[in-house]
Peer 1: 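Below is the structure I would like to discuss, written out as structure tokens.
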Amino acid sequence: MAGPRPIVLSGPSGAGKSTLLKKLLKEYDGVFGFSISHTTRKPRQGEEDGKDYYYVSRETMQAGIANGEFIESAEFSGNMYGTSKAAVQDVQAKNLICILDIDMQGVMNIKKTDLKPIYITILPPSLEALEKRLRDRKTESEESLQKRLDAARVDMELSKQPDIFDVSIVNDDLENAYRQLKDALIAEITKVQNAKKS
Ligand SMILES: Nc1nc2c(ncn2[C@@H]2O[C@H](COP(=O)(O)OP(=O)(O)O)[C@@H](O)[C@H]2O)c(=O)[nH]1
Ligand SMILES: Nc1ncnc2c1ncn2[C@@H]1O[C@H](COP(=O)(O)OP(=O)(O)O)[C@@H](O)[C@H]1O
């Protein structure tokens, strides 16, 4: 695969992936590019189609998958999510480090491809803290919240297995977690910055 190595960020819903990602994209504008996934879930307040996700119907998504347009796709908490080939190519064509924010099923499926990313998991300090963050975020119905917590229990157990993730970061203090994320990525960041200079 040409260009810098992609980054996969995974971890339970509510662990702080989007928060950390936004900080990274802001600080390193022109270094990272976000792989914009497709989803059948409805946009939240403040989210934009074509920026946070491509919001599509289940029919459209299923047709795209049947047509071979997706690298991976998964059902999460009652909705479909997937990474299209175009989403990754759009970022790689600009020679940016492509970041994928995907769930554990996505991680397992990406492992079967030739993408060869760096796998990073973002974990909450505890399930209790995770629940509090999800409740305070006020984006989920009680049903959706419980589905996310159920998935989190399973994924946090799975994450303990060696060999799934290259880097594991507990997002307790945000600045501390962000520093650990940058440390994990510094080699790739430097490569892109040097390539720009030459
Ligand atoms: N497999 C897969 N998972 C995705 C994709 N896009 C997002 N996800 C995951 O879907 C889950 C739910 O995402 P979202 O509805 O945005 O909720 P949030 O994580 O609570 O902000 C998260 O674990 C994401 O990492 C994708 O393209 N593929
Ligand atoms: N270190 C932290 N301490 C406290 N709250 C946090 C921390 N990191 C993120 N949050 C908050 O927790 C909620 C979930 O974070 P978010 O980035 O949406 O998670 P994810 O993308 O993994 O679902 C958000 O409201 C966010 O502001």
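Values below: every heavy atom of this structure, side chains too, minus hydrogens, waters and symmetry copies. We count residues from 1, following the sequence as given. Counting starts at 1 for both ligands and their atoms, following the listed order.
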Peer 1: I'd like to check whether R44 has a polar contact with ligand 1, where a contact means an N/O of the residue lying under 3.5 Å from an N/O of the ligand.
Peer 2: yes
Peer 1: For the hydrophobic clusters of this structure (ILVMFWY residues joined by side-chain heavy atoms under 4.5 Å, transitively), does one cluster hold both L100 and L181?
Peer 2: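 No, L100 does not connect to L181 through the hydrophobic network.
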Peer 1: Of all the atoms in ligand 1, which lie at a distance below 4.0 Å from a heavy atom belonging to A74?
Peer 2: 1 (N)
Peer 1: Does any N/O atom on S37 come nearer than 3.5 Å to any N/O atom on ligand 1?
Peer 2: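 Yes.
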Peer 1: Tell me the nearest of I71, D103, L9 to atom 1 (N) of ligand 1, using heavy-atom distances.
Peer 2: D103
Peer 1: Please indicate whether N67 has more than 12 foreign heavy atoms, meaning atoms of other residues, nucleotides or ligands, lying under 6.0 Å from its CG.
Peer 2: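 Yes, enclosed.
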Peer 1: To which of D52, I122, V107, I102 does the heavy atom nearest atom 4 (C) of ligand 1 belong?
Peer 2: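 Closest candidate by heavy-atom distance is I102.
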Peer 1: Just need the protein heavy atom nearest to atom 16 (O) of ligand 1, so name the residue and atom and give the distance.
Peer 2: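 Looking at atom 16 (O) of ligand 1, the protein heavy atom closest to it is Y53 OH, 2.6 Å.
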Peer 1: If you measure from each non-hydrogen atom of E140 to ligand 1, which part falls under 4.0 Å: side chain, backbone, both or neither?
Peer 2: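 None of E140 does.
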Peer 1: At less than 4.0 angstrom from any non-hydrogen atom of R137, what atoms of ligand 1 do you find?
Peer 2: 18 (P), 20 (O), 21 (O)
Peer 1: Any salt bridge linking E75 with R58? Criterion: basic side-chain nitrogen under 4.0 Å from a carboxylate oxygen.
Peer 2: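 Result for this pair is yes, salt bridge flagged.
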Peer 1: Could you tell me, atom by atom, which parts of ligand 1 come under 4.0 Å of a heavy atom of D101?
Peer 2: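 What qualifies from ligand 1 is 4 (C), 5 (C), 6 (N), 7 (C), 8 (N), 24 (C), 25 (O).
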Peer 1: Out of curiosity, is M104 lining ligand 1, as in a heavy atom under 4.0 Å away?
Peer 2: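 For ligand 1, residue contact (heavy atoms, under 4.0 Å) with M104 is absent.
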Peer 1: Enumerate the atoms of ligand 1 whose separation from the nearest heavy atom of G106 is less than 4.0 angstrom.
Peer 2: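 Here the atoms of ligand 1 in question are 1 (N).
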Peer 1: How about CD on E142, more than 12 heavy atoms from neighbouring residues, nucleotides or ligands closer than 6.0 Å, or not?
Peer 2: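 Yes, CD of E142 has more than 12 neighbouring heavy atoms, counting only those of other groups under 6.0 Å.
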Peer 1: If hydrophobic clusters are built from ILVMFWY residues whose side chains come within less than 4.5 Å, do I120 and L174 share one?
Peer 2: yes
Peer 1: Can you confirm whether the side chains of T83 and E72 place a donor and an acceptor under 3.5 Å from each other?
Peer 2: yes
Peer 1: More than 12 heavy atoms of other residues, nucleotides or ligands under 6.0 Å from CG of D29: yes or no?
Peer 2: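 No, not enclosed.
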Peer 1: Judged on heavy-atom distance to atom 2 (C) of ligand 1, which of Q105, E47, E72, K147 sits nearest?
Peer 2: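 Of the listed residues, E72 has the closest heavy atom.
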Peer 1: Which label fits Y119 and F165: parallel for a plane angle under 30°, tilted from 30 to 60°, or perpendicular past 60°?
Peer 2: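 If you compare the ring of Y119 with that of F165, the planes turn out perpendicular.
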Peer 1: If only side-chain N and O atoms count, and only distance matters, is there a donor-acceptor pair under 3.5 Å linking T39 with R41?
Peer 2: no
Peer 1: Which is it for Y55 and H38 under the ring-ring contact (aromatic ring centres under 6.0 Å, His included) test, yes or no, and what are the steps along the way?
Peer 2: CA-CA 6 Å; Y55 301 93; H38 283 62; 9.8 Å; no
Peer 1: Out of curiosity, is H38 lining ligand 1, as in a heavy atom under 4.0 Å away?
Peer 2: no
Peer 1: Can you give me a line-by-line list of nitrogen or oxygen pairs between ligand 2 and the protein shorter than 3.5 Å?
Peer 2:
unit_1	atom_1	unit_2	atom_2	d
ligand 2	1 (N)	N171	OD1	2.9
ligand 2	1 (N)	D172	O	2.8
ligand 2	1 (N)	L174	N	3.4
ligand 2	3 (N)	R133	NH2	3.3
ligand 2	8 (N)	N171	ND2	3.0
ligand 2	17 (O)	S18	N	3.4
ligand 2	17 (O)	T19	N	2.9
ligand 2	17 (O)	T19	OG1	2.5
ligand 2	18 (O)	R137	NH1	2.8
ligand 2	19 (O)	G16	N	3.1
ligand 2	21 (O)	S18	N	2.9
ligand 2	21 (O)	S18	OG	2.6
ligand 2	22 (O)	G14	N	3.4
ligand 2	22 (O)	A15	N	3.3
ligand 2	22 (O)	G16	N	3.0
ligand 2	22 (O)	K17	N	2.8
ligand 2	22 (O)	K17	NZ	2.8
ligand 2	23 (O)	G14	N	2.7
ligand 2	23 (O)	R137	NH1	3.1

Peer 1: Using salt bridge (Lys or Arg N to Asp or Glu O under 4.0 Å) as the criterion, point out the one residue from R148, K147, R153 that pairs with D150.
Peer 2: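 By the salt bridge (Lys or Arg N to Asp or Glu O under 4.0 Å) criterion, D150 pairs with just one of R148, K147, R153: R153.
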Peer 1: Could you check whether E175 pairs with K23 (Lys NZ or Arg NE/NH1/NH2 to Asp/Glu carboxylate O, under 4.0 Å)?
Peer 2: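 Yes, this pair counts.
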Peer 1: Taking R5's backbone N and O only, do any of them form a donor-acceptor pair with E188's side chain (distance below 3.5 Å, no angle check)?
Peer 2: yes
Peer 1: Between D136 and K132, does at least one N-O distance fall below 4.0 Å, as a salt bridge requires?
Peer 2: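 Result for this pair is yes, salt bridge flagged.
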Peer 1: Can you sort out which atoms of ligand 1 are near G82, meaning under 4.0 Å from one of its heavy atoms?
Peer 2: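 Numbered from 1, ligand 1 contributes 26 (C), 27 (O), 28 (N).
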Peer 1: Give the atom numbers and elements of ligand 1 that come within less than 4.0 Å of a heavy atom of R41.
Peer 2: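 The list of qualifying atoms is 14 (P), 15 (O), 16 (O).
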Peer 1: Which of the numbered atoms in ligand 1 are below 4.0 angstrom from a heavy atom of T83?
Peer 2: 26 (C), 27 (O)
Peer 1: Quick check: does S13 get an N/O under 3.5 Å from an N/O on ligand 1?
Peer 2: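 Checking ligand 1 against S13, an N or O pair does fall under 3.5 Å apart.
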